[in-house]
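Each remark here refers to the structure printed beneath this line.
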Amino acid sequence: MSTVSLFRKWRSQTFEDLVGQEAVVRTLRNALSSGSPARAYLFCGPRGTGKTSTARIFAKALNCARGLMAEPCNQCSLCRRIADGSCMDVLEIDAASHTQVDKIREFIVDKVHFAPAEARFKVYIIDEVHKLSTSSFNALLKTLEEPPAHVVFILATTHPQDLLPTILSRCQRHDFHRLTPLEIRDRLTLVAREEGFELDERAADILARSAEGSLRDALVQLEQVATFAGLSIGEEDVRTLLGLAGRAAMNDLVSAMAERDARMAMQRLDDLVRSGRDLGRLSNELVDHLRCLLLISVKAVENDLLGIPPEEMAELEEQASSLTPARIMNWLKAAMDLQGGARDAQRARLLWEMMLIRMTVPEVDLDPLEDLRRRVARLEAGYPAPRQGLPATAPAPSPPEIPGPPTRTGRRVPQVANRQTSPAAQPRAECPGPSDSSPSGRSPGKTPKGPPDAQESPSKVLQDLGWGESVRPAPEKPLGFGPSHPDPAIPAPSSSLRAAGSSGLSAKDAWQRLLAFVKDRDRRLHAVLVEARLNGMESGTLTLTFPSNFSWHFERFQKEAEALDAMAREALGEPFHLVATLETVAVDAPSPRQEHRAFVHRAENLFSGRVVDDSPV
Ligand SMILES: [Zn+2]
């Protein structure tokens, strides 16, 4: 390998050769062809995207001995001298090392009025111009205001937002975008071929993606990997150099998250750490993986624009199809928190573990009020809200059975009336909102009309609600930190849950057994099924409900109903049938504020308590 770095050796010498940035190139070429270039240009964009290369090509084209042309000849002495940096009329200044005003005066302000010695234009290329001090800016500003006709300024910056508006307004601005992985990969392949490297296609892909749009970084990394791998560069060489885990590892990790399998997720993380992967880079990989999943899942872009090899794409598409965009978005946010999270390895690992547990055991993240809300909602899913003045000895109200909506496979299933599925089944007056200020004071909890003993204990209230004598005592532990599903402290929402099938299994046991079986057999189907809530079991039929925001899962369930029935038969050892409904959201849904007030009232009633503070915890 030559001693000149690959990046310098393969710097673009013509506009034609420049990678990406077609819009910038077109405008500059037009200016050259028209013979009237602007006096000052501002090239903005991330590092390694071709700003200084473009500036040099432009300087050559302005001064080429063959005349002002859309492309420099690269043959004449001026072109060659500009290329090797020996032309005294083309000055390249790194603002980072010349921040003082004296230097700017010395290099630019004092000399700008002298005519060029040999070239057509004096060209000043100021790199990282945002690093100039304020006084340097001011000195430069005067020159920029009225530059002599023989001078062209090209300012380059990665931080245009740091420039004074007075500078911005005096320059013709061009924005350089990050190169796509595809553009970088093609360039790497070309360079490797010309340099005599055997660069594996996958290795080129990984290098291109990890360079994050910077061709310079990609070429520097190619050079590094060639230094230790020799002329034949494989996928594993690149992964080792970059400390990357790879797509397969990300697939495994995300699968564990999808299945809410905390143990598996921890195991995967441990494997990666043991194999020497860097957690910082790992979080970048996870973010990239989840971003791809999200884009695929909402079909936001054509998949081939993601620059992912076809064999990896198939697996990504499959994974995306088993997840909701909302869930992927949640993970993406959590993974992005990891990126900026930790500098030292110990803390980084802790943050990773916390993230994985949060994603696989959602209960740990609930605040107490939210948990209470869920519990009340679950109770209400089976029974109407408590009525006022209901005598303790009154016959327990039984939930009215109404025919549920036909499922999409045409099955009609009995459905328990609840607030969400049938808003009419429950009078709105029982959920007083702020507008409910009638003098009759129907506000429950504040002016209870029932006998005092009806308010004595949660279990008493539950009995009144029809939970029967076998009701278990109220939870002793602080609210909110136990598992929310299933919760042994709360009785099953329907008596049919306790009904034994002909196999003698309780509904809950049958459900758990089925879930375990499906998880073993088809992990994607399991990911669908875990989002359903068990309603009950009757004569060989398990009835489920999907929450209203899980319509995708519901549809998937409908499509796979036959397969699921077959699995149920196999898992439970007798013909079993699964039916599910999708919760619908009430059309006249109360406002969040109303809902909150109503919820607090219901909680007060249910637990015979008085809320002293319902502000978010
Ligand atoms: Zn030339």
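Along the sequence shown, residues are numbered consecutively beginning with 1. One-based numbering, in listed order, for ligands and for the atoms of each.
In summary, of the residues considered (E223, E195, E194), a salt bridge (Lys or Arg N to Asp or Glu O under 4.0 Å) with K9 occurs for E195 alone.
The number of heavy atoms from other shown groups lying within 6.0 Å of CD (E236) is above 12.
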Show me the donor-acceptor pairs within less than 3.5 Å that the side chains of residues 326-333 make with the rest of the protein, sequence neighbours left out.
from: R327; atom 1: NH1; to: A258; atom 2: O; distance (Å): 3.4
from: R327; atom 1: NH2; to: M257; atom 2: O; distance (Å): 3.2
from: R327; atom 1: NH2; to: A258; atom 2: O; distance (Å): 3.3

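Of all protein N, O or S atoms, those under 2.8 Å from the Zn ion (ligand 1) number 4.
A donor-acceptor pair shorter than 3.5 Å cannot be found between the side chains of Q21 and T54. One side chain, Q267 or D271, offers a donor N or O that lies under 3.5 Å from an acceptor on the other.
H130 and H159 have tilted rings, their planes meeting at an angle from 30° to 60° on a 0 to 90° scale.
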